[in-house]
Amino acid sequence: MMLQQTQTGTVAPYFAAFLKKFPDVHALARADRQDVLSLWAGLGYYRRAHLLHEAARVVVNELAGTFPSTVDGLLELPGIGRYSAGAIASIAFDVSAPILDGNVKRVLSRVFAVRESHNEASTVARLWQLSTTVIPRKRCGDFNQALMDLGATVCKPKTATCNACPIATVCQAHALQLTQEIPSPRVRSKPKDLHLTAFIIKAGDFVLLHRRPDTGLWAGMWELPSAETNGSEAEQVGDAILPAGVRGSLKKSESVGIVKHQLTHRTVRFQVYRGHCKKHRLPASFRWANANDELPLPKAFQKILSI
DNA sequence: AAAACGGGGCT
DNA sequence: AGCCCAGTTTT
């Protein structure tokens, strides 16, 4: 689940910490979601953490702790789609199932000289078909992993090293000198601008944090109190989002500048303000947090707090 | 069919 | 500054 759209090198330390805390499916199933999110903090695509937690609960509560071993059974679990079901079935259970991830798409496109864009659903369907046809009868899991590793280490997007490729002799793109042209570039939408005003409100060693809703960007994660600005004055933003007690005793807050944070579909620009006050009782969605609390905080807010 | 969903590695 | 990464779910 962590590896979905995330490189293995990035995942490794998160995976180690996660398994140390939750050694098996039972430990994960009875965990608090906040603790699951804390170990996911910084990894991104936080819905994956929620879905994995749900999947663990299904395995324990509805499947008597036994993990599904078929593609169809795996597809029933939250957060497991066609790729993950095929990968788990073939690698863990030696089922002859195809996979199609970013690496395999690129490798198969080149080997079979598929020039159509991966944006087209029909192209992806064709690649799934090809992935099915190339599966061997034995050691299909090893074969699938080899396909992915070939894409990750040899048949790379920009610098394919065909002279080091074990299957260059059967690669149609190589024969036709089309390796650089395949796959054709993906059409991508431009990142949209998101302007947020964020407040660093401190009370001694504590900082005011707010829990985000369970939907949308950074769902269920904690944040510095913030809101979309849309041209309105930061002071009004503060009036709108800060708890009344905090607002009343807030010493003059001052701007500490702009923090830019780049996401795939958003360019987030934080206008950051700093202020301090005494600790107050807070509404349920707020907390006075210190370093020991380990609340799940997205990278964007980790960055702001490290200023 | 398209959008939403993070963050970082690599060129 | 782009492009991509062991994709899935929701709209």
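Every chain is numbered from 1, with letters handed out A, B, ... down the list of sequences.
Comparing dT8(C) with dG8(B), their P atoms are spaced 22 Å from each other, to the whole Å. One C1' atom belongs to dA3(B), the other to dA6(C), and the distance between them is 23 Å to the nearest Å.
By the 4.5 Å heavy-atom criterion applied to side chains, S84(A) and Q4(A) are counted as neighbours.
The other residues sharing a hydrophobic cluster with V71(A) are L75(A), where clustering joins ILVMFWY side chains under 4.5 Å apart. Clustering of Ile, Leu, Val, Met, Phe, Trp and Tyr side chains at separations under 4.5 Å places L178(A) together with L176(A), I182(A).
With hydrophobic clusters built from ILVMFWY side chains whose heavy atoms lie under 4.5 angstrom apart, M2(A) shares a cluster with L74(A).
For the segment residues 116-136 of chain A, no residue has any heavy atom less than 4.0 angstrom from an atom of DNA chain C.
Mapping L217(A) and Y14(A) onto DNA chain B by nearest heavy atom places L217(A) closer to the 5' end of the strand.
Nucleic acid contact for K192(A): sugar-phosphate only, since backbone atoms but no base atoms lie under 4.0 Å from a heavy atom of the residue.
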**Prompt:** Base, backbone or nothing for each nucleotide of nucleotides 4-11 of chain C, written B, S, -, heavy atoms under 4.0 angstrom, 5' to 3'?
**Reply:** BBBBSSS-

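Judged as a ring pair (Phe, Tyr, Trp, His ring centres under 6.0 Å), and not counting sequence neighbours, F143(A) has no contacts. With sequence neighbours excluded, the residues satisfying ring pair (Phe, Tyr, Trp, His ring centres under 6.0 Å) with Y273(A) are F199(A). Applying the ring pair (Phe, Tyr, Trp, His ring centres under 6.0 Å) rule to H210(A) yields the partners F286(A); only residues at least two apart in sequence or on another chain are considered. Partners of W128(A) under the ring pair (Phe, Tyr, Trp, His ring centres under 6.0 Å) rule, at least two apart in sequence or in another chain, do not exist in this structure.
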Pairs under 3.5 angstrom only: tabulate donor-acceptor contacts from the side chains of residues 211-218 of chain A to other protein residues two or more places apart or in another chain.
| residue | atom | partner | partner atom | Å |
| --- | --- | --- | --- | --- |
| R211(A) | NH2 | D214(A) | OD1 | 3.0 |
| R212(A) | NE | L217(A) | O | 2.9 |
| R212(A) | NH1 | E223(A) | OE1 | 2.6 |
| R212(A) | NH2 | L217(A) | O | 3.0 |
| D214(A) | OD1 | R33(A) | NH2 | 2.9 |

Under 3.5 Å, which donor-acceptor pairs do the side chains of residues 49-63 of chain A form with other protein atoms, sequence neighbours left out?
| residue | atom | partner | partner atom | Å |
| --- | --- | --- | --- | --- |
| H53(A) | NE2 | L28(A) | O | 3.2 |
| H53(A) | NE2 | A31(A) | O | 3.0 |
| N61(A) | ND2 | R57(A) | O | 3.2 |

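Between the CD atom of Q262(A) and the P atom of dA1(C) there is a distance of 9 Å, rounded to whole Å.
The footprint of chain A on DNA chain B, defined by a heavy-atom cutoff below 4.0 Å, extends from dA1(B) to dG9(B).
Sorted by first then second residue, the salt bridge (charged side-chain N to carboxylate O under 4.0 Å, His left out) pairs that include residues 125-152 of chain A, not counting sequence neighbours, are R139(A)-D142(A).
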